[in-house]
Amino acid sequence: MSLSLNHLNSRQREAVLHTDGPLLILAGAGSGKTSTMACRIAHLIATKNIAPTDVLGLSFTNKAAQELKERVGKLIASGKGKRGATRGLIISTFHSLCARLLRSHAEQLGFQKDFSIVDRADQKDILRTIFKHLNIDDRKFDHEVILGEIGQAKSRFLSGDMAQAFFLESGRLPGPYQIATAEAFQKYQDQLKVLNSMDFDDLLYYGVKLLESCDDVRAHYNARFRHILVDEYQDTNPSQFRLLRLLTQRQQNICVVGDDDQSIYSWRGADAGHILEFGSHYPGARIITLDQNYRSTNLILEAANAVITNNKKRHPKQLWSDRGQGEPLNEVILEEDREEAEWVGEEILRRATEEHRPWKDFAVLYRSNPQSRIFEEALRRKKVPYKIVGGMSFLDRKEIKNVLCLWRLIANHHDDASLRRIINWPARGIGKTSFEALNEYAFKNSLSLFSALTRASEVAPRVVPVVDTFRGAILTLRSDLEKLPMESVALAQWARTSLEVMGVRKAIEEESDDPIQFAKKWENVEELLHSIGLMKLDDPMFSEEGGNGPVAVIQEYLNRMMLQAQEQEEDEKDKDDSNSNQVTLLTLHGAKGLEYPVVFLVGMEDGLLPHQRSIDEASDLSEERRLCYVGITRARDHLILTRAKNRIRYGKPVPRYRSRFLNEIPAELILLTDRSFPDASSPKEVVAAHEERVKNFAGSIRDMLLAGRKGI
DNA sequence: TCCCGGGCTAATGTC
DNA sequence: TAGCCCGGGA
């Protein structure tokens, strides 16, 4: 059975059919990159009879990985008429892949296989402990900056003197930061090891280390992954590059797809050099350029092209489309941020009704996460179903985080970050003083907190009984878990019991102000319990050598939660479709690789896009511009750019100005509506509005005023 | 140890 | 505005 390639253009088809040897696809935004990749994978499996387990697809976000996997599933299902033909196909993020490799080989690196993955908040906890012991006043430092720096060093594979030199490099950071980071770095790494934990950068770092140091492991995966595809290659950092080199040692069937205009992760160490020098890294590589855009109308593309040409360092390319001119872009000015959200909500309702669009046609894109909040509120008020991608809002809730920490501690007793969160949740009378004493003792003796609990009699005799009870309960839950049969019901029941035993209900009651709030929080916890019951226990990865069945299931569950990867049930796709008929709210970074018929690009103001920090630091604005470009090119049919004249910050309105990137779009592409003067009868205001428009904009003033009066 | 209230600070992005 | 930390009092 072969797959139909009729819907592809000649270059795309070439990319699909070129299955042997290295291939670089330079794919402009919306050039059918995902369908080409999906088709390539489907072609390998359905036509060339490559086993799904031999193919590896890598991307940066869960959203993109999921999308690709879905597309492949659909192609194969339609071609072969049978479901499940993609079983064993791995399409994941770099981090998930590494977590998976490490889970089975952790011992080779001096970790236990039940290691925890720590998130940003946990990293900060650990850093705080270290600073305390180094007698560094940690309030003088932004932990975000220091952790960012440590992450950079790790993704560049630096350690020891090299890392020190990197931190102390002049100019990049203020002196005190350089010193603090240099001092903390090794201690931070050592501490993670004591805690049997890895941060996100470690997953890549140790993943590479594993493949470099263990010949048999490397040989195994080299033999297994006979075809590797990488999405958004322009965003790979040195660890990811190194990982790919290791995985393609034996064969060179690597296909990378990327676009230098969409490189938006240089702040976290991505190196566009990887895509530029692909030909020299993989001699004989074929290069195919895709520049026909299938997504957007030409007015949208013109706007995108106009913005991105302002970047100096790039491969010139003009996107074109045969989809016709389309409608002009809309720019809508609102008085305040709240009204911006309100208007967007109403506009979505209006278009959904008048244009008969499903909710999933709409996306609201913003530069930074906190912007999502008012849109969330506005949509909720209007009863428009929505989902927030990324934002971590669910996992960030205290009750959710703590419940996960409870399970993390059961899975890995040395996970201090987790223990710290739940030891006195609910209040057990283990206060600051006792805890600090234990903490001190643990750190001095290179012990985890959990190990230190057995020595409570030496440092905090008063709390010995409670500590013993706590420790006993955790140990009992662990051994109960180990004895569990491999059945979802048993696992779900165990999870529920664990909450009862640890008094989680009481803890949540204590911190709820009223029964309604409590009910909401408990509902979130129920959702966790539900999701744990959905784990597929027949997955071969749970029965592999280690054989600690139910424990492995919990670990994998925690893995997924920490890496934000949702389980995608293949057979539930249709059901899921109706489920996901929702308006999508997400950051520009999160939107990379996705498309929507109607896109609202909100907060188009200097200080938001481009972000204030990139303006202040006088760094070049090209990455912000690429971000804007990514945003514009997400839109298929309608692009609505909104901005507020004032934004409430810390309770006070702050005036805002039109984004400089909007000024780069030719005026004739934009239809302007000023909603900040609903009653434009006062001559003074009309003049003021008029003047602002003239200042911002060289286009036809009369047209704009008319548009402003009429509304859209 | 826990609770309360005042004061301080705050928000770039992802896994 | 809201969430967090700190200090004082019970």
Side-chain angles (χ1 to χ4, degrees), chain A residues 58-65 92-100 117-124 128 138-139 142 144-145 147-148 151 154-155 198-205 207 232 235-237 239-240 263-270 337-338 365-374 377 389-392 395-396 398 424 426-436 460 462-463 466 510-511 559-565 586-593 603 607-617 619 621 623-624 626-627 630-631 647-654:
Chain A
L58 288 170
S59 69
F60 284 83
T61 63
N62 289 303
K63 193 106 209 296
S92 79
T93 62
F94 279 92
H95 291 86
S96 302
L97 175 78
C98 286
R100 223 174 147 136
I117 299 169
V118 300
D119 66 13
R120 203 55 152 186
D122 303 326
Q123 288 181 280
K124 285 179 187 169
R128 207 169 294 135
D138 77 337
R139 282 179 308 190
D142 179 351
E144 206 62 50
V145 172
L147 288 170
K154 288 199 277 195
S155 65
M198 298 190 198
D199 65 22
F200 293 135
D201 300 303
D202 285 336
L203 291 174
L204 300 174
Y205 180 88
E232 309 287 1
D235 287 332
T236 46
N237 72 18
S239 314
Q240 288 154 337
S263 151
I264 53 176
Y265 283 109
S266 70
W267 53 272
R268 63 168 193 202
D337 45 5
R338 203 187 140 87
L365 270 47
Y366 35 82
R367 174 66 178 86
S368 60
N369 271 314
Q371 284 173 263
S372 67
R373 221 179 93 183
I374 42 172
E377 286 163 5
V389 176
M392 299 230 305
L395 257 66
D396 267 352
K398 191 176 172 194
N424 206 31
R428 298 184 169 88
I430 303 172
K432 215 174 140 188
T433 326
S434 319
F435 183 78
E436 278 316 312
R462 272 181 55 200
V463 294
V466 238
E510 274 172 6
E511 65 195 16
N559 250 2
R560 288 181 191 170
M561 296 309 278
M562 296 310 287
L563 296 171
Q564 305 271 314
L586 74 181
T587 63
L588 288 168
H589 284 89
K592 188 180 66 164
L608 279 178
L609 184 67
H611 190 269
Q612 192 59 45
R613 200 134 122 189
S614 66
I615 298 172
D616 289 345
E617 289 174 5
S619 61
L621 290 164
E623 185 144 314
E624 294 291 307
R626 289 193 290 268
L627 214 37
V630 166
R647 219 159 262 277
I648 306 296
R649 272 203 144 188
Y650 318 133
K652 293 252 181 302
V654 178

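Only a predicted model underlies this, so the values are computations on that prediction, with no experimental measurement involved. Below, chain A is the first sequence line, B the second, and so on; all start at residue 1.
Here dA11(B) presents its C1' atom at 7 Å from NE2 of His611(A), a figure rounded to the nearest Å. The interatomic distance linking Arg428(A) (CZ) with dC2(B) (P) rounds to 11 Å, in whole Å. As rounded to whole Å, 14 Å separates atom C1' of dA11(B) from atom OH of Tyr366(A). The CD-P distance, from Glu511(A) to dC3(B), rounds to 12 Å in whole Å. Per the geometry, NE2 belonging to His95(A) stands 9 Å off P belonging to dC15(B), to the nearest Å. One atom, NZ of Lys63(A), and another, C1' of dG13(B), lie 17 Å apart when rounded to the nearest Å. Distance CG (Leu147(A)) to C1' (dC15(B)): 14 Å, rounded to an integer number of Å. Rounding to whole angstrom units, CD of residue Glu232(A) and P of dC15(B) are separated by 12 Å.
At the heavy-atom level, Ala99(A) lies nowhere under 4.0 Å from the strands shown. Phe94(A) comes within 4.0 angstrom of no nucleic acid atom, judged by non-hydrogen atoms across all strands.
Between Ser96(A) and Asn62(A), the closest heavy-atom pair is OG-OD1, 4.4 Å. The two residues Gln240(A) and Asp235(A) make their nearest non-hydrogen contact at OE1-O, 3.8 Å. Taking each heavy atom of Ala99(A) and Asn559(A) in turn, the nearest pair found is CB-ND2, 4.1 Å. The minimum heavy-atom distance between Leu58(A) and Thr93(A), with the atom names listed, is CD2-O, 4.0 Å. Residues Ile264(A) and Lys592(A) come closest through the heavy atom pair CD1-CD, 3.8 Å. Looking at every heavy atom in both residues, Arg338(A) comes nearest to Ile374(A) through N-CD1, 4.3 Å.
Distances were taken from every side-chain heavy atom of Pro370(A) (C-beta onward) to each of dC2(B), dA11(B), dC15(B); the shortest belongs to dA11(B). The nucleotide whose nearest atom lies closest to any side-chain atom of Ser434(A) is, among dG13(B), dA2(C), dT1(B), dT1(B). In the set dC15(B), dA11(B), dG13(B), dA11(B) carries the atom at the smallest distance from any side-chain atom of Arg649(A). For Asn62(A), the listed nucleotide lying nearest its side chain is dC15(B); candidates were dA11(B), dA2(C), dC15(B). Distances from the side chain of Val463(A) to the nucleotides dA2(C), dT1(B), dC15(B) place dT1(B) closest. When distances are taken from the side chain of Asn424(A) to each of dG13(B), dC2(B), dC15(B), the shortest belongs to dC2(B).
With hydrogens and angles disregarded, a donor-acceptor distance shorter than 3.5 Å links the side chain of Asn424(A) to the backbone of Gly429(A).
Taking side-chain N and O atoms only, Thr433(A) has a distance below 4.0 Å to OP1 or OP2 of dT1(B). Phosphate contact (OP1/OP2 of dG13(B), side-chain N/O of Asn369(A), threshold under 4.0 Å): present.
Interatomic distance, CG of Asn237(A) versus NZ of Lys154(A), reported as 12.5 Å (0.5 Å rounding).
Separation of the C1' atoms belonging to dG13(B) and dA2(C) is 23 Å when rounded to the nearest angstrom.
Residues Phe200(A) and Arg120(A) fail the side-chain proximity criterion, which asks for heavy atoms closer than 4.5 Å.
Place Glu624(A) and Arg462(A) on DNA chain B by their nearest nucleotides, and Arg462(A) ends up nearer the 5' end. Two residues, Asp201(A) and Ile430(A), neighbour DNA chain B, and the one matched to the more 5' nucleotide by heavy-atom proximity is Ile430(A).
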Report task. In sequence, state the C-alpha distance, the side-chain angles, and the governing distance for Ser263(A) and Arg626(A), and then conclude on side-chain contact (heavy atoms from CB on, under 4.5 Å). Result -> CA-CA 7 Å; Ser263(A) 151; Arg626(A) 289 193 290 268; 3.9 Å; yes
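Counting non-hydrogen atoms of neighbouring residues, nucleotides and ligands closer than 6.0 angstrom, the CZ atom of Arg428(A) exceeds 12 such neighbours.
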Mind listing the N/O atom pairs, protein and nucleotides 4-10 of chain B, below 3.5 Å?
none

Between the protein and nucleotides 6-10 of chain C, list the N/O to N/O atom pairs that are separated by less than 3.5 angstrom.
none

